Trainee: 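Let me give you the structure first, and then I'll get to my questions.
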Number of protein chains: 2
Amino acid sequence: MRTIHSGPVTLHQVAHAAGVSPATASRFMNGTARVSDAKRRSIEDAIERLNYKPNLVAQGLKMGSTRTIGVLTQSLVSGYFNDAMVGIEDAVKAAGYALLIMSGHWHAAEEAERVELLIGRRVDGVVILTGNMSDTQILDFSQRVPIVAFGRKLEGERVFGFFLDNYGAACEAMELLIEQGHRRIAFIRGSDDQEDAHARLAGYRDTLAKHRIEPDPDLIVAGDFQESGGLQAVNQLLTSGARFSAIFAANDLSAYGARLALYRRSIRVPEDVSIIGFDDLHSSMYTTPPLTTVRQPLYDVGSCIGTMMLGMIGHDEVKVALPALSLVVRESVRRLT
Amino acid sequence: MRTIHSGPVTLHQVAHAAGVSPATASRFMNGTARVSDAKRRSIEDAIERLNYKPNLVAQGLKMGSTRTIGVLTQSLVSGYFNDAMVGIEDAVKAAGYALLIMSGHWHAAEEAERVELLIGRRVDGVVILTGNMSDTQILDFSQRVPIVAFGRKLEGERVFGFFLDNYGAACEAMELLIEQGHRRIAFIRGSDDQEDAHARLAGYRDTLAKHRIEPDPDLIVAGDFQESGGLQAVNQLLTSGARFSAIFAANDLSAYGARLALYRRSIRVPEDVSIIGFDDLHSSMYTTPPLTTVRQPLYDVGSCIGTMMLGMIGHDEVKVALPALSLVVRESVRRLT
DNA sequence: TTGAAAGCGGTACCAG
DNA sequence: CTGGTACCGCTTTCAA
């Protein structure tokens, strides 16, 4: 006997085929209660025969949980964010959670709109990867859904936000440069609207001050966290005739651009000028020369976020240790002789 | 008057507050039918006051459509796939579709499992970005959900698969090298289990043959589409003492690795050896020297996929022009003198 | 134009 | 242990 059915098979059909009530079939599916051996077998059999797969949408509606975590990223093509993404996914997938990813493109209004969409789709929680929304906005959202945010300090019943010590790491990077004898160090800034950019710049300034090195405003040039910005920055530095023996780029992408600008003028790295970056993107291990930089353990950050999220959803107190930034010394910095 | 409510407000609450039936409220929400001015106003008012947002899950259950497209990628951290991802998203978001992304890690069983999960979540369609599943498996899945696949040729009622002309583009790349006077050209292979890897190798071989250049098996070395593979490949080439004036890397990542291996031995690019890659990752514009490579218009591929998917879901015939590969000449290839 | 009610596919409470 | 049934939030006949 073969029946033509349009859609996927339902639990009712399984129950019917197995000669039991949907309730029993459901109980069997979820192990919610004991089911007699006979019935169990016939249910198993029916499931097998009909190739039944539960409808997660229906379950979601009934249970009030979609087993989905919304992620607001800023760019789907950022190696930076994507590392965190896999950390998150790895942390939550064992619990049956999937990720619904949307990107806000560093635009507060768009970010809010995306979060709204995420909530409309009834995600069980949303993680916000930096961005330009105000803390207040996020706090507001957290009334409606648990939130964990990366890149800002936030604390509350259904919200937790944290950031890594960019300032401290920037100081470390500067210490390395200075310890290697560099005094005239250029700094390529990040996007003005990003917290991290400021922290890194502050680290640059304060470390210079700490060592009583006279800061030269001409050595601080605009950038945008992109390769193109780094390229322009160094071009500007070079045409302005500024002297420097090292460059601290606010992130690796900028460092790539800077490196190319130097290459164009046949300035060697690190023989003529040293470069240090920030982020430790995967490809920074393969630039020529391999880039000395500050490692952001984004995968670990993602894991933390994932476990925190699961904790908030399950109303558990979870304590996770935040990963730390660290310097990774490769070959783009050389001692000044 | 203020009422304490646990969850989000429902359409029933809105209807109640507005003094109309849920049916009318629903009609208003979707513009399904005319609603009298008076009622309309009171509904609008209630929506505003209660800050009502429709429950997409409930709508999904009722309508049999989640307005979600499942995407099976192979890696969340691949610049290659992610470009396509944003193309897809851009193409479908205007239609109210969101992307549910899962990755299969080039593992057929895992891929199938992910697709199964996607279907369980009742996505309206799934796009498969290459991978190692068999065509048969995909055809099977397409019985249950419309599929568009990238990286394989597939045709059917609810499935469409296509690939770009990797072979032709590889030939073009080789032509460039040969035209620039190169005869001893090394080839770094891609992963053996990927179709594209074979196409590119075939392009390499056939173009050599076409120009009656004696192929040297020692010049074809293993790779894995990763930087590390490219690095090792060139190391092997170098230690084996093989002579070559150019390297054709099966993809940009391999080219990066190759470039570093050369750098380590102080072999200059392109003065001593030329390198050509494949993919044109974003960062290939900023390597030193900028990489000559074959551009894969992944964003456009994504757009096509998105529109095709929308077409399949809406049972429309859509004709989209597939984007073409093209050579982008930068600075890593030099004429042999 | 409007409301009542059925039902999308499950789950869980309540009896038995 | 099992079945009947209400209901999750929304849409859509069907009748009025």
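Just so it is clear, the values below take in all heavy atoms, side chains as well, and ignore hydrogens, waters and symmetry mates. Just so we're on the same page: letters track the sequence lines, and every chain starts at 1. A quick note: this is a predicted structure, and the numbers were derived from the prediction, not measured.
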Trainee: Looking only at side-chain N and O atoms, does A:N30 come under 4.0 Å of OP1 or OP2 in C:dT11?
Mentor: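 A:N30 to C:dT11 OP1/OP2: side-chain N or O found under 4.0 Å.
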Trainee: Do B:F160 and B:I147 have side chains that get closer than 4.5 Å, going by heavy atoms?
Mentor: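 Not in contact.
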Trainee: Looking at side-chain heavy atoms only, is the closest gap between B:R27 and B:I43 below 4.5 Å?
Mentor: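 Result no, sub-4.5 Å side-chain heavy-atom pair not found.
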Trainee: May I ask you to verify if any side-chain N or O of A:Q59 is less than 4.0 angstrom from the OP1 or OP2 atom of C:dT11?
Mentor: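 So the side-chain polar atoms of A:Q59 do come within 4.0 Å of the phosphate oxygens OP1 or OP2 of C:dT11, strictly under.
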Trainee: Indicate whether any N or O donor in one side chain lies under 3.5 Å from an N or O acceptor in the other, for B:T68 and A:R121.
Mentor: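 Yes, because at least one side-chain N or O of B:T68 sits under 3.5 Å from a partner of the opposite role on A:R121.
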Trainee: Return no unless some side-chain N or O of A:K62 is found under 4.0 Å from OP1 or OP2 of C:dC8.
Mentor: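 Checking C:dC8 against A:K62, no side-chain N or O comes under 4.0 Å of OP1 or OP2.
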Trainee: Would you say C:dG10 has OP1 or OP2 under 4.0 Å from some side-chain N or O of A:S26?
Mentor: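 For C:dG10, neither OP1 nor OP2 has a side-chain N or O of A:S26 closer than 4.0 Å.
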Trainee: Any side-chain N or O of A:S21 less than 4.0 Å from the OP1 or OP2 oxygen of D:dT2?
Mentor: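 Result: no.
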Trainee: So, under a plain 3.5 Å distance rule, would you say the side chain of A:R27 forms a donor-acceptor pair with the base of D:dG3?
Mentor: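 Check passes, donor-acceptor contact within cut-off.
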Trainee: Between A:F150 and A:F162, is the gap from one ring center to the other below 6.0 Å?
Mentor: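 A:F150 vs A:F162: aromatic centres under 6.0 Å.
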Trainee: For C:dT2, does either OP1 or OP2 sit under 4.0 Å from a side-chain N or O belonging to B:S36?
Mentor: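 Checking C:dT2 against B:S36, a side-chain N or O does come within under 4.0 Å of OP1 or OP2.
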Trainee: Would you kindly compare A:R34 and B:M63 by the position of their nearest DNA chain D nucleotide and give the one closer to the 5′ end?
Mentor: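 It is A:R34 whose nearest nucleotide is closer to the 5' end.
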Trainee: Please confirm whether the shortest side-chain N or O distance from B:K53 to OP1 or OP2 of D:dC10 is below 4.0 Å.
Mentor: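 False: B:K53 side-chain N/O out of range (4.0 Å or more) of D:dC10 OP1/OP2.
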